[in-house]
Asker: 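Before anything else, here's the structure in question.
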Amino acid sequence: MNPVMDNILTRRSVRSFRKDQISEKDLDTILLAGSYAPSGMGLQSWKFTAIQDPETMQKVNEAMRLTLKSLSPETHPYYVKLIQKAQDEHANFLYEAPTYIIVSNLIDNQNSMADCALAIGNMMLAAHSLRIGSCWLNQLPRLSEMPLIRNLMKELSIPDNHNIYGSVAMGFQAEDPKPAVPRNNVIHIIR
Ligand SMILES: Cc1cc2nc3c(=O)[nH]c(=O)nc-3n(C[C@H](O)[C@H](O)[C@H](O)COP(=O)(O)O)c2cc1C
């Protein structure tokens, strides 16, 4: 099979990671792949913030946990399980991955979400081609407006005029992910 197609068809979300770090060269390659995604009007207004420092990772996790803990399940039904999990002070929301990439972009650009999603897709496929597992994590994007997360973003030098639109946990997979589920009637060709 064409190796690009093989890479696309065999990528799976990985949620269990080994502790060993990916190489600097591989991280650079993955970020390069993200930065070469198309962007609306070629704006390239996104920013990729890659975290490998354990202390910073801990800070991100704690900001996420305290923010989730402060939410009410009634006003945030999407987060019920995460709010419960956040009560445990040892809870980890990053699958204990050694690398975490936050993708932010302009608050007031209509293409921000699409641009970030394409870049993340590129990075996940680039990672898979290097035998590195990844999983999109959707907590931070929904919490960008919360004060603790804004403070965290400032600390990480994410611009004030950005929101977080996506983030990815990365590392070597600790166990094989489940096989892909079949695709259900999602393709329609009109000839
Ligand atoms: C926009 C988006 C948000 C996602 N959020 C999460 C998440 O917060 N946590 C998680 O474990 N997986 C998350 N995923 C991964 C999906 O659950 C996963 O891609 C889907 O189940 C298909 O599995 P596959 O990636 O192995 O093909 C997300 C994926 C996308 C595209």
Side-chain angles (χ1 to χ4, degrees), residues 1-23 26-27 29-40 46 48-51 57 60-61 64 68 71 73 76-86 88 91-105 110-144 163-191:
M1 190 189 284
N2 166 333
V4 173
M5 277 310 290
D6 182 60
N7 193 54
I8 291 171
L9 297 186
T10 56
R11 181 211 55 82
R12 295 273 72 76
S13 289
V14 168
R15 297 185 175 86
S16 170
F17 295 94
R18 289 187 348 220
K19 294 223 176 305
D20 45 327
Q21 187 57 273
I22 65 174
S23 71
D26 283 353
L27 178 63
T29 302
I30 291 164
L31 293 167
L32 183 69
S35 73
Y36 266 71
S39 60
W46 47 40
F48 305 92
T49 304
I51 302 167
M57 198 80 87
V60 172
N61 187 65
M64 221 186 262
L68 287 164
L71 301 179
H76 292 79
Y78 175 82
Y79 282 128
V80 173
K81 276 193 187 150
L82 291 171
I83 293 168
Q84 265 169 15
K85 181 174 167 179
D88 173 2
N92 188 286
F93 294 93
L94 306 171
Y95 294 130
E96 304 194 41
T99 295
Y100 183 54
I101 303 172
I102 295 172
V103 186
S104 63
N105 207 340
Q110 293 192 66
N111 292 320
S112 282
M113 179 67 200
D115 289 352
C116 289
L118 269 176
I120 290 174
N122 267 17
M123 291 195 287
M124 293 174 90
L125 287 172
H128 180 53
S129 78
L130 298 166
R131 307 267 176 275
I132 292 166
S134 68
C135 187
W136 182 309
L137 291 183
N138 223 18
Q139 290 91 323
L140 276 189
R142 291 168 178 261
L143 301 175
S144 278
N163 270 343
I164 295 172
Y165 290 91
S167 72
V168 201
M170 274 190 192
F172 297 108
Q173 66 185 48
E175 47 192 72
D176 287 341
K178 291 186 188 142
V181 295
R183 268 43 189 169
N184 292 322
N185 203 22
V186 290
I187 296 171
H188 177 202
I189 302 175
I190 300 168
R191 291 198 167 97

Asker: To the nearest 0.5 Å, what is the distance between CD1 on I164 and OG on S104?
Answerer: 6.5 Å
Asker: Would the distance check show the side chain of N111 and the main-chain N or O of D115 forming a donor-acceptor pair, the cut-off being under 3.5 Å?
Answerer: no
Asker: Could I get the full list of side-chain contact (heavy atoms from CB on, under 4.5 Å) partners for R15, not counting sequence neighbours?
Answerer: S13, Y95, C135
Asker: Can you name the nearest heavy-atom pair linking F17 to P98, along with the distance?
Answerer: CB-CD, 4.0 Å
Asker: For V168 versus M124, what's the shortest heavy-atom pair and its separation?
Answerer: CG1-CG, 4.1 Å
Asker: How far does CG of L27 sit from CE of M123, to the nearest 0.5 angstrom?
Answerer: 9.5 Å
Asker: Can a donor-acceptor pair be found between the side chains of H128 and T10 at a distance below 3.5 Å?
Answerer: yes
Asker: Under the side chain to side chain contact (heavy atoms under 4.5 Å, CB included) criterion, do R18 and Q173 qualify, and how do the steps go?
Answerer: CA-CA 6 Å; R18 289 187 348 220; Q173 66 185 48; over 6 Å; no
Asker: Show, in sequence, the C-alpha distance, side-chain angles and deciding distance for Y165 and N105, and conclude whether the side chain to side chain contact (heavy atoms under 4.5 Å, CB included) test is met.
Answerer: CA-CA 7 Å; Y165 290 91; N105 207 340; 3.6 Å; yes
Asker: State the CG-CE distance between L9 and M1, to the nearest 0.5 angstrom.
Answerer: 5.0 Å
Asker: Within the distance-only criterion (no hydrogens, no angle test), does the side chain of S167 pair as donor or acceptor with the backbone N or O of L137 below 3.5 angstrom?
Answerer: yes
Asker: Quick check: closest heavy atoms across N138 and Y79, and the distance to 0.1 Å?
Answerer: O-OH, 4.2 Å
Asker: How far does CG of L68 sit from CG of L82, to the nearest 0.5 angstrom?
Answerer: 5.5 Å
Asker: CG/L125 to CZ/R11 distance, rounded to the nearest 0.5 angstrom?
Answerer: 6.5 Å
Asker: Is any side-chain heavy atom of I132 closer than 4.5 Å to one of V14?
Answerer: no
Asker: Please confirm whether R142 makes a cation-pi placement over Y78, using NZ or CZ under 6.0 Å from the six-membered ring centre and within 45° of the ring normal.
Answerer: yes
Asker: Restricting to side-chain hydrogen bond (donor to acceptor under 3.5 Å, both in side chains), what partner residues turn up for Q139, sequence neighbours left out?
Answerer: none
Asker: For D88, what residues pass the salt bridge (Lys or Arg N to Asp or Glu O under 4.0 Å) criterion, not counting sequence neighbours?
Answerer: none
Asker: Please evaluate residues I22 and L130 with respect to the criterion side chain to side chain contact (heavy atoms under 4.5 Å, CB included), reporting the C-alpha separation (whole Å), side-chain torsions for both, the decisive distance (0.1 Å), and the verdict.
Answerer: CA-CA 10 Å; I22 65 174; L130 298 166; over 6 Å; no
Asker: Would you indicate whether the side-chain heavy atoms of I101 and T49 approach each other to under 4.5 Å?
Answerer: no
Asker: Who passes ring-ring contact (aromatic ring centres under 6.0 Å, His included) against F48, sequence neighbours left out?
Answerer: W46
Asker: Identify the heavy atoms of S134 and M170 that sit nearest to each other, and give their distance.
Answerer: CB-CG, 3.7 Å
Asker: Which residues satisfy the side-chain contact (heavy atoms from CB on, under 4.5 Å) test with N185, sequence neighbours excluded?
Answerer: none
Asker: Please confirm whether the backbone N or O of S129 pairs with a side-chain atom of N7, one donor and one acceptor, at under 3.5 Å?
Answerer: yes
Asker: Under the side-chain contact (heavy atoms from CB on, under 4.5 Å) test, which residues partner I187, sequence neighbours left out?
Answerer: I189
Asker: Distance from L94 atom CG to I51 atom CD1, nearest 0.5 Å?
Answerer: 8.5 Å
Asker: Before you tell me yes or no, could you show the steps for K19 and E96 under side chain to side chain contact (heavy atoms under 4.5 Å, CB included), namely the whole-Å CA-CA distance, both residues' side-chain angles and the distance that decides it to 0.1 Å?
Answerer: CA-CA 8 Å; K19 294 223 176 305; E96 304 194 41; 4.0 Å; yes
Asker: Check Q21 against T99 and note the closest heavy-atom contact, atom names and distance.
Answerer: OE1-OG1, 2.5 Å
Asker: Which atom pair, heavy atoms only, marks the closest approach of C116 to V103?
Answerer: SG-CG1, 3.5 Å
